Every structure is written in C-alpha cells, then in structure tokens.
J.: 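One structure, as structure tokens, below. Some questions next.
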Amino acid sequence: MTAGLTMKPQVLVARAVFPAVIARLAEHFEVEANPGDEVWRGAELARRLQGKAGAFTTGSERIDAALLVACPELRAVCNMAVGYNNIDVDACSARGVIVTNTPDVLTETTADFGFALMMAAARRIAESERFLRAGEWKHWSYDMLTGSDVHGATLGILGMGRIGQAIARRGALGFGMRVIYHNRSRLDPALEAPLGARYVDKEQLLREADHLVIVVPYSPASHHAVGAAELALMKPTATLTNIARGGVVDDPALAAALRQHCIAAAGLDVYEGEPHVHPDLLTLPNVVLTPHIASATVATRIAMADLAADNLIAALGFGPSAGRPPTPVNPGVLGPR
Ligand code: 8YV
C-alpha cells in the first residue's frame with residue numbers, strides 16, 4: 001500500500017480548543033473540529049461521531065450507552081476535565097471504549113480558585129464591589145460589610161482528593177487554619193500530619209466548619225450531599241463554597257438557608273443544570289456566583305488540552321506511549337501491560 005492511500009483514523013474534537021492542539025491531532029488523525037464552539041448533544045453528537053474512532057470531549061458532552069450503541073466505531077473518549085460524570089464509564093468499559101481525564105494538571109489552579117471563592121464569600125468581596133459601584137459608599141461605619149475571618153478559622157473540606165488536599169495546604173500553611181475533613185476513606189496519616197488535618201464524620205464536619213469547601217466528585221452517591229438537613233447543622237456564621245459539581249449541593253435549599261441566615265454566605269462555581277442558575281440564588285446578596293471557571297487560567301487550560309490530546313493520540317495507537325494513554329479512567333480496557 002502506498003503512503004498516500006493510508007487512511008488516518010477520524011476523530012471528533014467536540015468543542016473549540018487551542019489551534020495548536022488541533023494541529024497536533026491532525027498529524028495523526030482526520031480531525032473534525034468545532035470552530036463555532038456549538039454544544040453538540042444527543043442525536044447531533046451521535047451524527048458527528050459516525051465513523052470516528054476517538055472523541056475529544058469536555059464536560060458539556062454526554063457520552064452514554066445509547067450514544068455508544070449509535071457510534072460503534074468509537075474506541076476512545078478523552079475528556080478535557082478531571083471530572084467525568086458526563087461519561088457513563090461502565091457502558092464504555094462494557095464496549096471496550098477507553099475513557100481518559102486530565103487529573104493533576106489543574107489541581108493547584110483549581111485550589112487557588114476555591115480558596116479565592118471562599119475568601120470572597122467570607123469577606124463579602126463581590127457584595128462590597130456592587131455596593132461601591134452602586135454609589136452606596138457614603139461614609140465609614142463600624143459594621144459596614146463586616147464578614148468573618150479566614151485566618152485561624154476551621155476549614156472543613158468535603159472530599160479530600162488532590163484538590164481538597166491542595167486547599168487544605170493553603171489553609172493550614174498559609175492561613176493558620178485548623179483543618180478537618182470528611183472523605184469516603186481516611187487519608188494516610190503521613191498525608192494528614194503536615195497539614196494537621198483531622199478526619200471527622202460528616203455531621204461533625206458540618207457542625208464545626210467555619211468555612212466548608214466542597215470538592216467531592218459527583219456521583220449518584222454524592223447527589224445533594226449537602227441539602228436542607230445538612231445546612232441546618234452548620235453555624236450561622238459559616239460559609240459554604242462549592243467548586244465540585246452542580247448537584248452535590250441542593251441549590252434551592254442553599255438559597256433558602258442563605259435567605260434565612262441559617263449560614264452567612266456562600267461561593268459557588270458550579271450549579272445543578274448549569275449554565276442555568278437557580279433564580280433564587282441570583283437574587284441573594286450573600287452568595288458569590290462564578291461561571292464554572294475554577295480551572296480557567298491560560299496555562300492550565302493549555303495543560304488540560306495537551307493532556308487530553310496526549311491521551312487521544314496514545315489511546316488510538318500513536319506517539320511515544322502508543323496504546324498506553326497517560327491518564328486512563330478505566331485502564332482495565334487496555335489489557336495487561
Ligand atoms: C472544566 C472541570 O473546565 O476539570 C473539571 O472537572 O470541572 C473544569 O476544569 C470543565 O469540566 C470543562 O470540561
């Protein structure tokens with residue numbers, strides 16, 4: 001066979017991404033890109049995936065069993081995100097489809113943002129800015145926009161994975177916070193010790209945290225892990241920050257708790273049903289709302305896109321680690337080394 005007749009495998013890059021990443025993929029694949037950055041879902045996504053061996057996806061695309069049946073040639077789904085709750089991993093594994101994600105490269109950036117959002121909620125930064133811009137700053141007063149301290153307070157972390165630990169480091173080492181956490185399982189004491197982090201049950205976490213930061217992955221088990229009953233356990237002076245996934249917090253219940261001053265303030269980067277934001281949250285002064293940007297620095301988005309591309313190239317048998325994508329979610333699909 002002559003080189004000119006050799007067909008490159010086809011891949012879909014489901015959302016717009018850095019041109020350099022598309023160019024790198026094009027060295028190995030026939031690439032269908034999405035320069036208009038439309039969100040393709042359901043039948044449209046299945047239509048675009050016809051004949052494709054690989055998909056470069058983001059959290060916006062739902063890859064489920066029905067889609068896999070409709071796209072029998074699909075062999076790799078490479079998500080440009082550490083979270084992969086948009087993908088039915090079991091259905092992929094059952095069909096021998098490798099799934100990959102982008103851990104590690106976004107840990108510190110996401111932790112920076114989580115800490116910033118917690119501080120913004122505690123110190124009422126967004127509310128203060130709205131107050132100033134509205135021309136309401138007429139004079140100093142002793143209780144104007146008073147918030148709660150972050151330094152020396154108790155930081156409660158729900159979900160002590162890589163990002164949770166990075167937030168704990170910032171709190172313990174930078175701000176002298178006492179760190180408590182709840183997780184599916186307790187960390188190795190060697191990881192707890194430098195942070196002085198203490199494993200507690202969920203009820204104690206909710207009762208004792210001055211600032212609760214939620215970093216637990218979304219799954220049916222974590223759906224509405226913090227709802228009305230959990231919020232009722234928290235201190236009236238506490239803040240809650242969610243940088244995990246929409247659906248981990250019951251947003252209407254949180255809005256009610258904020259309105260009734262059952263807790264003091266919240267910082268949210270993720271929402272159930274985003275980009276829709278529950279209207280009750282939009283009316284409240286004591287919640288800082290950001291549009292799912294915790295990983296959004298230029299360097300980190302480049303690193304995430306590069307890692308997703310490395311995964312796709314290797315998963316489809318190219319590049320230096322052909323057949324061994326660097327960060328598989330279901331490595332069992334790859335077989336023994
Ligand atoms: C992404 C995220 O921006 O990595 C994740 O899990 O939530 C974010 O960093 C988003 O999911 C886009 O894929």
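Counting convention: from 1, in listed order, for ligands and their atoms alike. Bear in mind the structure is a predicted one, so any value in this text is a computation, not a measurement.
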J.: Quick one: which ligand 1 atoms are inside 4.0 Å of a heavy atom on Gly59?
T.: 12 (C), 13 (O)
J.: Is the closest N or O pair between Met304 and ligand 1 shorter than 3.5 Å?
T.: no
J.: Is Leu106 in polar range of ligand 1, meaning some N or O pair under 3.5 Å apart?
T.: no
J.: Less than 4.0 angstrom from a charged side-chain N to a carboxylate O is my criterion; do Arg124 and Glu129 meet it?
T.: no
J.: Under 4.0 Å between a Lys/Arg side-chain N and an Asp/Glu carboxylate O for Arg41 and Glu61?
T.: no
J.: Starting from atom 1 (C) of ligand 1, which protein heavy atom do you reach first, and at what distance in Å?
T.: Ser295 OG, 3.9 Å
J.: List, by chain and number, the other hydrophobic cluster members for Val333, where Ile, Leu, Val, Met, Phe, Trp and Tyr join if side-chain heavy atoms come within less than 4.5 Å, directly or indirectly.
T.: Ile98, Leu334
J.: Ion pair present between Arg198 and Glu208, side-chain N to carboxylate O less than 4.0 angstrom?
T.: yes
J.: For ligand 1, is any non-hydrogen atom under 4.0 Å from Met80's backbone (N, CA, C, O), its side chain (CB onward), both, or neither?
T.: backbone
J.: Between Glu272 and Arg245, does at least one N-O distance fall below 4.0 Å, as a salt bridge requires?
T.: no
J.: To the nearest 0.1 Å, how far is atom 3 (O) of ligand 1 from its closest protein heavy atom, and which atom is that?
T.: Arg301 NH2, 3.1 Å
J.: Among protein heavy atoms, which lies nearest atom 10 (C) of ligand 1, and at what distance?
T.: His292 NE2, 4.1 Å
J.: Using a 4.0 Å cutoff against the non-hydrogen atoms of Thr58, which atoms of ligand 1 qualify?
T.: 13 (O)
J.: Among all protein non-hydrogen atoms, which one is nearest to atom 4 (O) of ligand 1, and what is the separation to 0.1 Å?
T.: Val82 N, 2.8 Å
J.: Would you say Ala81 and ligand 1 have an N/O pair spaced under 3.5 Å apart?
T.: no
J.: Is there any N or O on Thr102 that sits under 3.5 Å from an N or O of ligand 1?
T.: no
J.: With sequence neighbours excluded, give me every ring pair (Phe, Tyr, Trp, His ring centres under 6.0 Å) pair touching residues 142-199.
T.: Phe115-Phe175, Tyr181-Tyr199, His182-Tyr199
J.: Check for a donor-acceptor pair, side chain of Lys202 on one end and backbone N or O of Ala225 on the other, with a separation under 3.5 Å.
T.: yes
